[in-house]
Amino acid sequence: MRIVAGANRGAKIITSESRELRPTSDRVRESLFNILDGGRYPNPYRNKLVIDAFAGTGALGLEAISRGASHVIFLEQAVTSLKVLFQNIRSINAQDITTVITGDATRFGQPSYERAGLVMLDPPYESQMGISCIKALKNNGWIGPDTLIVLEHSSKEKVCNPEWIKILDNRRYGSSHLTFMHEMA
């Protein structure tokens, strides 16, 4: 796996043989950022705070950094994933513009110091943990009306979004599905 575009284009993303990790493929990441850069959603990440929840290798957040995010918060709790994540952050010298928060993303309780422009979630498939994390982030002020939320999930999984979330788009990439949403104004 490699960073697809931006300042760190081609940088290798270290993965693990652990079954806990299911990194977002280069193809899906490239498609995601092509959509984000295509003009449909007004600049959700350049020079803005990005949250990469259920970060794993950090591939999504590292891609955002490479393409111009000002800061990325990674949420991860698995020890094997954290080791890989820290290695990947160091490999592109992004320690100064990243924060790694360890713990359960579905119970994230840290109050916001800034609203995120983009929240990307890649929870375990078929878990509904993504929606729980979105609710926790919203309750603590990280998500606002201008925050774009992208949830990666199994194409078999139905997203049960809260009533205050509007689904904007769905894209399927093999067994992966990207759902784009934001808070209703």
Side-chain angles (χ1 to χ4, degrees), residues 13 15-16 18-24 28-29 32 44-45 48-65 69-89 94-168 170 176-185:
I13 297 173
T15 61
S16 166
S18 170
R19 294 182 144 215
E20 293 175 350
L21 283 175
R22 180 198 30 78
T24 303
V28 174
R29 263 185 298 112
L32 166 61
Y45 69 92
K48 294 183 180 177
L49 173 67
V50 172
I51 297 175
D52 181 352
F54 309 96
T57 64
L60 291 170
L62 296 171
E63 190 73 40
I65 288 168
S70 63
H71 194 91
V72 174
I73 296 174
F74 295 96
L75 306 178
E76 181 55 62
Q77 74 174 354
V79 174
T80 53
S81 296
L82 286 165
K83 289 178 185 176
V84 170
L85 176 60
F86 282 114
Q87 284 180 299
N88 285 329
I89 291 169
Q95 299 92 317
D96 292 343
I97 57 171
T98 59
T99 303
V100 176
I101 299 175
T102 59
D104 184 348
T106 65
R107 295 186 178 144
F108 186 65
Q110 184 172 329
S112 169
Y113 60 85
E114 177 183 357
R115 287 213 170 116
L118 175 64
V119 173
M120 300 178 290
L121 306 103
D122 186 9
Y125 280 6
E126 315 273 336
S127 70
Q128 294 295 322
M129 292 170 73
I131 297 302
S132 297
C133 179
I134 290 168
K135 289 176 183 176
L137 290 168
K138 168 70 175 149
N139 289 341
N140 286 286
W142 295 97
I143 293 175
D146 295 329
T147 304
L148 181 65
I149 303 163
V150 182
L151 173 64
E152 182 178 343
H153 55 93
S154 164
S155 55
K156 299 175 195 171
E157 186 175 358
K158 181 180 179 341
V159 176
C160 300
N161 56 302
E163 66 282 345
W164 53 269
I165 289 283
K166 178 180 180 182
I167 294 181
L168 305 170
N170 292 293
S176 295
H177 206 106
L178 296 177
T179 298
F180 295 78
M181 54 187 107
H182 73 85
E183 177 182 356
M184 285 193 259

Report task. Looking only at non-hydrogen atoms, find the nearest pair between I134 and I143 and report the distance. Result -> O-CD1, 3.7 Å
Query raised in the report: In Å and rounded to the nearest 0.5 Å, what is the CD to CD1 distance from E183 to I165?
Result: 7.0 Å
Query - Note, R115 side chain near P145 side chain (heavy atom, < 4.5 Å) - result: yes
Report task. Applying side chain to side chain contact (heavy atoms under 4.5 Å, CB included) between F74 and each of I101, L82, I51, L62, report the one that passes. Result -> L62
Requested in this report: Calculate, to the nearest 0.5 Å, the distance between atoms NZ and CD1 belonging to K138 and I131 respectively.
Outcome: 14.0 Å
Query raised in the report: Under 3.5 Å, is there a donor-acceptor pair between the side chain of S112 and the main chain of G141?
Result: yes
**Report entry** Min side-chain heavy-atom separation E126-K156 under 4.5 Å
**Finding:** yes
Query raised in the report: Can you tell me how far NZ of K48 sits from CG of D146, rounded to the nearest 0.5 angstrom?
Result: 7.0 Å
Query raised in the report: Between M184 and E163, which heavy-atom pair has the shortest distance, and what is it?
Result: CE-O, 2.7 Å
Requested in this report: Look at the rings of W142 and F108 and say which category their plane angle falls in: under 30° parallel, 30 to 60° tilted, over 60° perpendicular.
Outcome: tilted
Requested in this report: Would you mind reporting whether F86 and Q95 have side-chain heavy atoms less than 4.5 Å apart?
Outcome: no
Requested in this report: Look up atom CG in D122 and atom OG in S176, then write down how far apart they are to the nearest 0.5 Å.
Outcome: 7.5 Å
**Report entry** Side chain proximity check, M120 to Y45, heavy atoms < 4.5 angstrom
**Finding:** no
Query - Which atom of L75 lies closest to which atom of C133, heavy atoms considered - result: CD1-SG, 4.4 Å
Report task. Kindly say whether Y125 contributes a backbone atom to a donor-acceptor pair with the side chain of H153 at under 3.5 angstrom? Result -> no
Query - Check: N170/T179 side-chain N/O donor and acceptor closer than 3.5 Å - result: yes
Query raised in the report: Closest heavy-atom contact between R29 and E63?
Result: NH1-OE1, 2.9 Å
Query raised in the report: Distance from I167 atom CD1 to N161 atom CG, nearest 0.5 Å?
Result: 4.0 Å
Report task. Considering non-hydrogen atoms only, spot the tightest contact between Q77 and G103 and give its length. Result -> CB-O, 3.2 Å
**Report entry** S81 side chain reached by F54 side chain, heavy atoms, under 4.5 Å
**Finding:** no
Query raised in the report: At what distance, to the nearest 0.5 angstrom, does CD1 of I73 lie from CG of L137?
Result: 9.0 Å
Query raised in the report: Do the non-hydrogen side-chain atoms of L168 and H182 ever get within less than 4.5 Å of each other?
Result: yes
Query raised in the report: Given M181 and V159, is the side chain to side chain contact (heavy atoms under 4.5 Å, CB included) satisfied, shown in steps?
Result: CA-CA 11 Å; M181 54 187 107; V159 176; 4.3 Å; yes
Report summary line: Correct closest heavy-atom pair for T147 and A116 would be OG1-O, 2.7 Å
